[in-house]
Amino acid sequence: MEKTNKTKSQKIKRKKLQRDFFNQPTLKVAQELLGKYIVRKIGSRILTGKIVETEAYIGPRDKASHAFGGKVTARNKAEYLEGGHCYIYLVYGMYWQFNVTTEREGKPECVLIRALEPIIENQKSVSKDSSDKERRNLAGGPGKLCRWLKLDKSFYGEDLTKSERLWLEDRGETIKKSQIVKAKRIGIDYAREWKEKPWRFYIKGNKFVSRY
DNA sequence: TCTACGATTTACT
DNA sequence: GTAAATCGTAGAA
């Protein structure tokens, strides 16, 4: 009888994030998402990554937001959904960007997920060096993490509190305020003074962050 | 319709 | 450090 190996995974707290988590101020959600987990189910396979970097976009006042000025377009309408939905779009003709909506319906605010620390099990045969390098390449950037998790337009508007293929979990980790770095957002030079807002957040010292 | 360009990544000088 | 890849969409006409 296998009584010693009751796998410690059974002890890990796994609470799927619900509506009330997302229906909060965007800057708060962006910071609280650090240390949470993304779970992606592809057939029988499950990919998991810890969120280590985010950015907040707060339309209509934020010039960097696609919903600046309160405009609604075919691309950005998912931003107006209530918290916990997926806003995904293509940039530079080749990379998907995965965002989670926040706040109530009608408020076009969201959090861009910029980097994940991939959780890979069974890596006994791989040397630590090469596996670290490979893991950093998987999801160390908003385009790369979508490539890894196979996220595309089919997730547009998906409700992450109900989806069977993509959701977020709290696994009992808390990132202290002192461990959260606040920085300028990336790739939005067109946004005038809004590009200076310290609305990019990442876990201090984490190796999987996209850029320092 | 037509045109310009981007919430990035990668390769190369 | 600079530039190319690559295409759906926003905004103009």
Side-chain angles (χ1 to χ4, degrees), chain A residues 22 25-34 36 38 49 51-81 83-103 107-118 130 132-158 160 166 168 180-203 206-212:
Chain A
F22 300 107
T26 305
L27 293 175
K28 181 181 181 190
V29 176
Q31 291 171 82
E32 292 194 350
L33 277 173
L34 297 176
K36 299 295 189 291
I38 291 185
I51 298 172
V52 301
E53 181 183 352
T54 63
E55 275 179 6
Y57 285 84
I58 305 181
R61 61 195 173 99
D62 178 4
K63 187 136 196 327
S65 166
H66 292 156
F68 177 66
K71 70 180 177 186
V72 181
T73 67
R75 178 179 65 165
N76 78 5
K77 61 187 180 196
E79 273 197 280
Y80 289 81
L81 297 172
H85 288 80
C86 175
Y87 170 44
I88 191 163
Y89 64 91
L90 192 67
V91 273
Y92 302 109
M94 59 195 106
Y95 299 110
W96 294 99
Q97 304 285 287
F98 172 59
N99 297 253
V100 181
T101 63
T102 57
E103 285 280 10
K107 290 191 82 174
E109 306 189 19
C110 63
V111 176
L112 169 68
I113 308 301
R114 283 196 58 90
L116 305 175
E117 176 176 338
S130 71
D132 265 13
K133 189 178 177 187
E134 285 167 20
R135 284 170 74 214
R136 235 176 293 125
N137 243 342
L138 285 178
K144 288 195 281 192
L145 72 90
C146 286
R147 187 176 61 193
W148 180 50
L149 296 178
K150 302 197 189 308
L151 301 181
D152 58 29
K153 187 106 191 227
S154 75
F155 286 86
Y156 191 84
E158 185 124 332
L160 303 176
L166 181 65
L168 302 175
I180 297 178
V181 179
K182 304 178 183 184
K184 294 178 189 177
R185 293 175 293 176
I186 292 179
I188 53 163
D189 286 348
Y190 57 84
R192 298 176 165 231
E193 72 270 23
W194 293 93
K195 77 176 197 285
E196 306 297 330
K197 296 283 181 189
W199 289 352
R200 170 177 174 239
F201 306 99
Y202 60 88
I203 299 175
N206 187 285
K207 293 176 188 162
F208 298 88
V209 168
S210 67
R211 295 160 64 174
Y212 291 91

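Protein chains get the first letters and strands the later ones, always in sequence-line order, with residue 1 at the start of each. Treat the numbers as computed from the prediction; the structure is a model and nothing was measured.
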What is the distance from CG of A:L138 to P of B:dT9, rounded to the nearest Å?
->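 To the nearest whole Å, that distance equals 13 Å.
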Between A:D152 (CG) and C:dG8 (C1'), how many Å, whole number?
->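 So the two atoms are 14 Å apart, to the nearest Å.
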The side chain of A:L90 lies closest to which of these nucleotides: B:dA7, C:dG8, B:dT9?
->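 Of B:dA7, C:dG8, B:dT9, C:dG8 is nearest to the side chain of A:L90.
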Between C:dA3 and B:dC5, how far apart are the C1' atoms? Round to whole Å, please.
->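 Here B:dC5 and C:dA3 have their C1' atoms 16 Å from each other.
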Is it true that the side chains of A:Y95 and A:Q97 contain a donor and an acceptor less than 3.5 Å apart?
->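 A:Y95 vs A:Q97: no donor-acceptor pair found between side chains.
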Go through residues 93-102 of chain A and report each residue with a non-hydrogen atom lying under 4.0 Å from DNA chain C, sorted by number.
->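 DNA chain C contact set from residues 93-102 of chain A: A:G93, A:M94.
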Expressed in angstrom and rounded to an integer, what is the separation of A:K77 atom NZ from C:dA10 atom C1'?
->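 Rounded to whole Å, this separation is 14 Å.
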Counting Watson-Crick and G-U wobble pairs only, both distances under 3.5 Å, name the nucleotide matched with C:dA12, or none.
->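 C:dA12 is paired, partner B:dT1.
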Check the geometry between A:Y57 and B:dA7 and answer yes if their rings are stacked (centres below 5.5 Å, planes below 30°), otherwise no.
->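 Check passed, A:Y57 stacks on base of B:dA7.
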Does A:T73 make a side-chain N or O approach to OP1 or OP2 of C:dT9 shorter than 4.0 Å?
->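 False: A:T73 side-chain N/O out of range (4.0 Å or more) of C:dT9 OP1/OP2.
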For the side chain of A:H66, counting heavy atoms from C-beta on, which of B:dT10, C:dG11, B:dA7 is nearest?
->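 The answer is B:dA7, which lies nearest to the side chain.
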What integer distance in Å separates A:K197:NZ from B:dA7:C1'?
->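 Computing the A:K197:NZ to B:dA7:C1' distance gives 17 Å.
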Taking N and O atoms by type only, does the side chain of A:Y89 place a donor or acceptor under 3.5 Å from a partner on the base of B:dA7?
->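 Indeed there is one.
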Taking any strand in view, what nucleotide pairs with B:dA7 in a Watson-Crick or G-U wobble way, both distances under 3.5 Å?
->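 The base-pairing partner of B:dA7, which may sit in any strand shown, does not exist here.
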Is a side-chain N or O of A:R135 found less than 3.5 angstrom from the main chain of A:P118, in a donor-acceptor match?
->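 Yes; at least one donor-acceptor contact below 3.5 Å.
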Tell me what A:L112 touches on the nucleic acid: a base, only sugar-phosphate, or nothing, going by heavy atoms under 4.0 Å.
->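 Base contact.
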Backbone N/O of A:W194 and side chain of A:R185: donor-acceptor pair under 3.5 Å =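 Side chain of A:R185 to backbone of A:W194, a donor-acceptor pair under 3.5 Å: yes, one is there.
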Could you give the CZ-to-P distance, from A:R200 to B:dT8, as a whole number of Å?
->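 Atom CZ in A:R200 sits about 10 Å away from atom P in B:dT8.
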Do the side chain of A:Y87 and the main chain of A:E109 share a donor and acceptor less than 3.5 angstrom apart?
->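 No: the side chain of A:Y87 does not pair with the backbone of A:E109.
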Answer with base, sugar-phosphate or nothing: what part of the nucleic acid does A:R75 contact at a heavy-atom distance below 4.0 Å?
->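 Touches sugar-phosphate only.
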Using the P atom as the reference point in each nucleotide, state the distance between B:dC2 and C:dT6 in Å, no decimals.
->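 Here B:dC2 and C:dT6 have their P atoms 23 Å from each other.
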Is there a donor-acceptor contact under 3.5 Å from the side chain of A:Y80 to the main chain of A:G70?
->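 Yes, the answer is positive, given that a donor and an acceptor are paired below the 3.5 Å cut-off.
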Remember a base hit wins even if backbone is also touched, and classify A:K195 as base, sugar-phosphate or nothing at under 4.0 Å, heavy atoms.
->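 No contact.
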Contact class for A:R211 vs. all strands (heavy atom < 4.0 Å): base, sugar-phosphate, or nothing?
->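 No contact.
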For A:E79 and C:dA10, give me the distance from atom CD to atom C1', rounded to whole Å.
->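 In whole Å, C:dA10 C1' and A:E79 CD are 14 Å from each other.
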Compare every heavy atom of A:Y57 with every heavy atom of A:I186, then report the nearest pair and how far apart it is.
->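 Heavy-atom minimum between the residues: O-OH, 4.4 Å.
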For residues A:L145 and A:I113, report the shortest heavy-atom separation together with the two atoms involved.
->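 In this case the closest contact between A:L145 and A:I113 is CD2-O, 3.3 Å.
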For A:K71 and for A:Y92, locate the closest nucleotide of DNA chain C by heavy-atom distance; then report the residue assigned to the nucleotide nearer the 5' terminus.
->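 The residue closer to the strand's 5' end, by nearest nucleotide, is A:Y92.
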Check whether any side-chain N or O of A:K153 sits under 4.0 Å from OP1 or OP2 of C:dG8, and answer yes or no.
->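 So the side chain of A:K153 is outside the cut-off, no N or O lying under 4.0 Å from OP1 or OP2 of C:dG8.
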Counting just side-chain N and O atoms, does A:K63 come under 4.0 Å of either OP1 or OP2 of B:dA7?
->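 The answer is no; no side-chain N or O of A:K63 sits under 4.0 Å from OP1 or OP2.
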For A:T54 and A:A30, which heavy atoms make the closest approach, and how far apart are they?
->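 Closest heavy-atom pair between A:T54 and A:A30: OG1-O, 2.9 Å.
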Closer to the 5' end of DNA chain B via nearest nucleotide, is it A:Y190 or A:R147?
->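 The answer here is A:Y190.
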Atom-to-atom span, NZ of A:K133 to C1' of B:dT10 - whole angstrom =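 Atom-to-atom, A:K133 to B:dT10, this comes out as 14 Å.
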Whole-Å distance separating the CD1 atom of A:I186 from the P atom of B:dT8 |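 After rounding, the gap between these two atoms is 7 Å.
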Would you say the side-chain atoms of A:T101 pair up with the backbone N or O of A:G84, donor to acceptor, closer than 3.5 Å?
->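 Checked: pair present.
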